[in-house]
Amino acid sequence: MHASQGRSAGLGLAMASAFAFGGSGVAAKPLIEAGLDPLHVVWLRVTGAALVMLPVAWRHRELLRRKPALLAGFGLLAVAGVQACYFASISRIPVGVALLIEYLAPALVLGWVRFVQRRPVTRAAALGVVLAVGGLACVVEVWSGLSFDLLGLLLALGAACCQVGYFVLSDQGSDEARPADPLGVIAYGLLFGSLVLTVVARPWGMEWDVLGGAAAMGGTAVPAWLLLGWIVLIATVVAYVTGVISVRRLSPQVAGVVACLEAVIATVLAWVLLREHLSGPQILGGAVVLIGAFIAQSSTPKPPSGPVAGSDHALPEDQLSAGRATT
């Protein structure tokens, strides 16, 4: 009963994280069109979230001594790496292609769990990944912008690998007697990520006056500071906190498949708020992604001799910290 409740809570958090992350694009695009550089928007996003989480970082300052490698890894891969590689890739290849490659991450997570951690994975999780990736190909309409740029493809693959780091590191140490508090991991991850992105984005050359004006969202003028607030508080703080906790309640690969909903949510929100066109294949692809996510999260394999990734037995219930409440 408790395991079922934990899985249901984890699924709800994973979907909340996908929604929060998916809403970042519709808020960021008006700011970019108003004159901000994409990398500057990313820096504002991560740095703003890091400032919000500063009190949490201070409260969990012992993590700097206990888990320095985990904190640095989360900041470099899960925060700065994903953002920098993705934005660099879309400067060379179509956005749809970059998104599809980035969201190969759930398949890479399965490979990590199976061949590196040597833990069994369920057939349902594997089938869910295949369906989710196929659905995403329709959602992003990958065929409409096919082009070959080796560096761009490698950068997109780098974003996928960093995304794997996000799911794996989110679950790191959750089975220890004294697991690292996810809120502390996120807080320091954002701080480390902000430092890295400061070097990459060079915000001292940013058009700061844009933030004092308005940006057009689907023909409606919206204060730029309000859009930035959404990106920082919802699309970053809430998104990361709910996402990390969902990984610990589900498993890296199951949470990864559910995270594929982010691209679907982003597409639907762009259709509703930015009045972007939504085609038949995109609608069909979104349905396929939903089916894949459902299949992956609903599997309950027979318990093996050790913990099975993707099963209700992956984490003992007493290790699911209620205080971790939360892309």
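Source: prediction; values computed, not measured.
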- Where Val185 and Ala180 come nearest, the two heavy atoms and their spacing: CG2-CB, 3.9 Å
- So, do Leu233 and Val238 sit near enough that their side-chain heavy atoms are less than 4.5 Å apart? no
- Does atom CZ of Arg61 have more than 12 heavy-atom neighbours from other groups under 6.0 Å away? yes
- Item | Expected output: side-chain Tyr86 to main-chain Ala156 donor-acceptor under 3.5 Å | no
- If you take all heavy atoms of Leu190 and Val46, which pair is closest and at what distance? O-CG1, 3.6 Å
- Gap separating the CD atom of Glu62 from the CG atom of Asp181, nearest 0.5 angstrom: 8.5 Å
- Message: Just checking Met15: does its CE atom have more than 12 heavy atoms from other residues, nucleotides or ligands closer to it than 6.0 angstrom?
- Response: no
- Met217 and Val222: which non-hydrogen atoms are nearest, and at how many Å? CB-CG2, 4.0 Å
- Message: Keeping Ser17 on the side-chain end and Ala14 on the backbone end, is there a donor-acceptor pair under 3.5 Å?
- Response: no
- Message: Could you check whether atom CZ of Arg202 has more than 12 heavy atoms from other residues, nucleotides or ligands sitting under 6.0 Å from it?
- Response: no
- Message: With rounding to the nearest 0.5 angstrom, report the CG to CD1 distance, Leu227 to Ile32.
- Response: 11.5 Å
- Item | Leu169 reachable from Leu195 in the ILVMFWY side-chain graph, under 4.5 Å edges | no
- Check: Val41 and Leu228 side chains under 4.5 Å, non-hydrogen atoms: no
- Note on the structure: CG (Leu273) and OG1 (Thr220) are apart, to the nearest 0.5 Å, by 9.5 Å
- If you group Ile, Leu, Val, Met, Phe, Trp and Tyr by side-chain heavy-atom gaps below 4.5 Å, do Val130 and Leu284 land in one group? no
- Query: Can Leu127 be reached from Ile291 by stepping across I, L, V, M, F, W or Y side chains whose heavy atoms are under 4.5 Å apart?
  - Reply: yes
- Are any non-hydrogen side-chain atoms of Leu54 and Leu191 less than 4.5 angstrom apart? yes
- Quick one: closest heavy-atom pair of Val232 and Leu44, and the distance? CG2-O, 3.8 Å
- Please answer: with hydrophobic residues joined when any side-chain heavy atoms are less than 4.5 Å apart, are Leu154 and Val82 in the same cluster? no
- Task: Nearest 0.5 Å please: distance from the CZ atom of Phe74 over to the CD1 atom of Ile186.
- Result: 5.5 Å
- Task: Check the hydrophobic clustering (I, L, V, M, F, W, Y; side-chain heavy atoms under 4.5 Å; chains of links allowed) and say if Val116 and Phe167 are grouped together.
- Result: yes
- Item | Leu197 to Ala80 - nearest heavy-atom pair and separation | CG-CB, 4.1 Å
- Note on the structure: When every non-hydrogen atom of Cys162 is compared with those of Leu77, the smallest separation belongs to CB-O, 3.4 Å
- Note on the structure: Hits for side chain to side chain donor-acceptor pair (under 3.5 Å) against Thr47, two or more places apart or cross-chain, chain-then-number order -> Trp43, Ser194
- Message: Rounded at 0.5 Å granularity, tell me how far CG in Leu64 sits from NE2 in His60.
- Response: 12.0 Å
- Message: Are Val244 and Tyr166 packed together at the side-chain level, in the sense that at least one heavy-atom pair is separated by less than 4.5 angstrom?
- Response: yes
- Query: Can you check whether Ala201's main-chain N or O pairs, donor with acceptor, with His40's side chain at less than 3.5 Å?
  - Reply: yes
- In the hydrophobic clustering that connects Ile, Leu, Val, Met, Phe, Trp and Tyr at side-chain heavy-atom distances below 4.5 Å, which members other than Leu155 occupy its cluster, ordered by chain and number? Leu151
- Task: For residues Thr236 and Ser24, determine if any side-chain heavy atom of one lies less than 4.5 Å from a side-chain heavy atom of the other.
- Result: no
- Query: CG of Leu108 to CH2 of Trp112: how many Å apart, nearest 0.5 Å?
  - Reply: 11.0 Å
Under 3.5 Å, sequence neighbours excluded: what are the donor-acceptor pairs made by side chains of residues 204-211?
none

- Task: Would you confirm whether Arg248, through its side chain, and Ser170, through its main-chain N or O, come within 3.5 Å as a donor-acceptor pair?
- Result: yes
- Hey, does Leu76 have a side-chain heavy atom less than 4.5 Å from the side chain of Phe192? no
